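We number each residue from 1, following the sequence as shown. Keep in mind it's a predicted model, so treat the numbers as computed, not measured.
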Amino acid sequence: MKLDPEIRRILDAAPLVHLATVLPDGAPHSVTIWAAPHGDRIAILTGPDSLKARNMRRDPRVALSLTPADAPNLPVAIRGRVVEWVEGDAAWEIIDPIAMKYIGQPYDRGMDRVVLLIEPERQTVGVG
């Protein structure tokens with residue numbers, strides 16, 4: 001599925017992004033993350049041993065909700081699955097532009113990070 005152009009525009013603007021994953025007992029786990037479009041996928045970054053990473057290794061299904069800065073009441077939701085894990089130098093090539101967008105500088109190399117690429121399966125903008 002192609003990434004919706006409106007969702008791409010919102011992702012390019014560094015919105016608040018909420019990621020929901022599934023815990024081992026089936027309960028939801030939700031955290032705020034950074035995200036950016038990467039082709040027709042959505043790139044997120046995390047620590048390789050974080051709870052969300054462990055959840056997505058076990059069950060790649062995710063849900064994202066976006067809060068656009070220019071329209072904080074506009075509901076934007078994506079359901080999809082993690083289809084690729086990117087590590088090493090290839091990950092940093094994706095991480096640094098995301099960090100520049102959110103904090104204005106490259107990401108601290110003192111922390112281990114991986115990039116997860118999410119393929120959208122359902123996308124909605126403006127529908128609650």
* Please, which pairs that meet ring pair (Phe, Tyr, Trp, His ring centres under 6.0 Å) have at least one residue in residues 39-68, sequence neighbours excluded? -> none
* Can you pull the ring pair (Phe, Tyr, Trp, His ring centres under 6.0 Å) pairs that have at least one residue in residues 93-114, sequence neighbours excluded? ->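 Only Trp34-Tyr102, Trp34-Tyr107 qualify under ring pair (Phe, Tyr, Trp, His ring centres under 6.0 Å).
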How many angstroms lie between [atom1] in [X] and [atom2] in [Y], if you round to the nearest 0.5 Å?
X: Asp112; Y: Ser50; atom1: CG; atom2: OG; value: 11.5 Å
X: Leu116; Y: His38; atom1: CG; atom2: NE2; value: 12.0 Å
X: Leu19; Y: Thr32; atom1: CG; atom2: OG1; value: 9.5 Å
X: Ile44; Y: Arg113; atom1: CD1; atom2: CZ; value: 11.5 Å
X: Leu64; Y: Ile7; atom1: CG; atom2: CD1; value: 9.5 Å

* Is Val114 reachable from Val31 through a run of I, L, V, M, F, W or Y residues, each pair having side-chain heavy atoms under 4.5 Å apart? -> yes
* To do: Answer with yes or no whether the hydrophobic clustering places Ile98 together with Trp85; edges join I, L, V, M, F, W, Y residues whose side-chain heavy atoms lie under 4.5 Å apart.
  => yes
Sequence neighbours left out, what passes salt bridge (charged side-chain N to carboxylate O under 4.0 Å, His left out) with [X]? Give chain and number order.
X: Arg81; value: Glu121
X: Asp96; value: Arg109
X: Arg122; value: none

Tell me every residue that passes side-chain hydrogen bond (donor to acceptor under 3.5 Å, both in side chains) with [X], counting only those two or more places apart in sequence or in another chain.
X: Arg79; result: none
X: Thr124; result: none
X: Asp12; result: none

Check residues 86-94 and write down every donor-acceptor pair under 3.5 Å in which the side-chain atom is one partner and the other belongs to a residue at least two apart or another chain.
none

* Under 4.5 Å between side-chain heavy atoms, chaining through other members, with only Ile, Leu, Val, Met, Phe, Trp and Tyr counted: pull out the rest of the cluster around Leu23, sorted by chain and number. =>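 Its cluster partners, ordered by chain and number, are Leu51.
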Checking the side chain of [X] only, and the main-chain atoms of [Y] only, is there a donor and an acceptor separated by less than 3.5 Å?
X: Gln123; Y: Asp4; value: yes
X: Arg57; Y: Pro48; value: yes
X: Lys101; Y: Ala35; value: yes
X: Arg61; Y: Val82; value: no

* Asked: What salt bridge (charged side-chain N to carboxylate O under 4.0 Å, His left out) pairs are there with at least one residue in residues 26-50, not counting sequence neighbours?
  ->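 Those involving residues 26-50 are Lys2-Asp40, Arg8-Asp40, Arg41-Glu84, Arg41-Glu119.
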* Asked: Do you know the tightest heavy-atom contact between Ala99 and Pro106?
  ->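 Result for this residue pair: CB-C, 4.1 Å.
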* Of all the heavy-atom pairs spanning Gly47 and Ala53, show the shortest one and how long it is. => O-CB, 3.4 Å
N/O donor to acceptor pairs below 3.5 angstrom from side-chain atoms of residues 65-77, sequence neighbours left out:
{"residue": "Thr67", "atom": "OG1", "partner": "His18", "partner atom": "NE2", "Å": "3.4"}
{"residue": "Asp70", "atom": "OD2", "partner": "Arg9", "partner atom": "NH1", "Å": "3.2"}

* To do: Determine whether Ile33 and Thr46 make a side-chain contact, defined as any pair of heavy atoms from C-beta on separated by less than 4.5 Å.
  =>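 No, side chains not in contact.
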* Do we see a donor-acceptor contact under 3.5 Å between the side chains of Lys52 and Thr21? -> no
* Hey, mind stepping through Leu3 and Ile42 against side chain to side chain contact (heavy atoms under 4.5 Å, CB included) and telling me if it holds? -> CA-CA 8 Å; Leu3 191 58; Ile42 299 165; 4.0 Å; yes
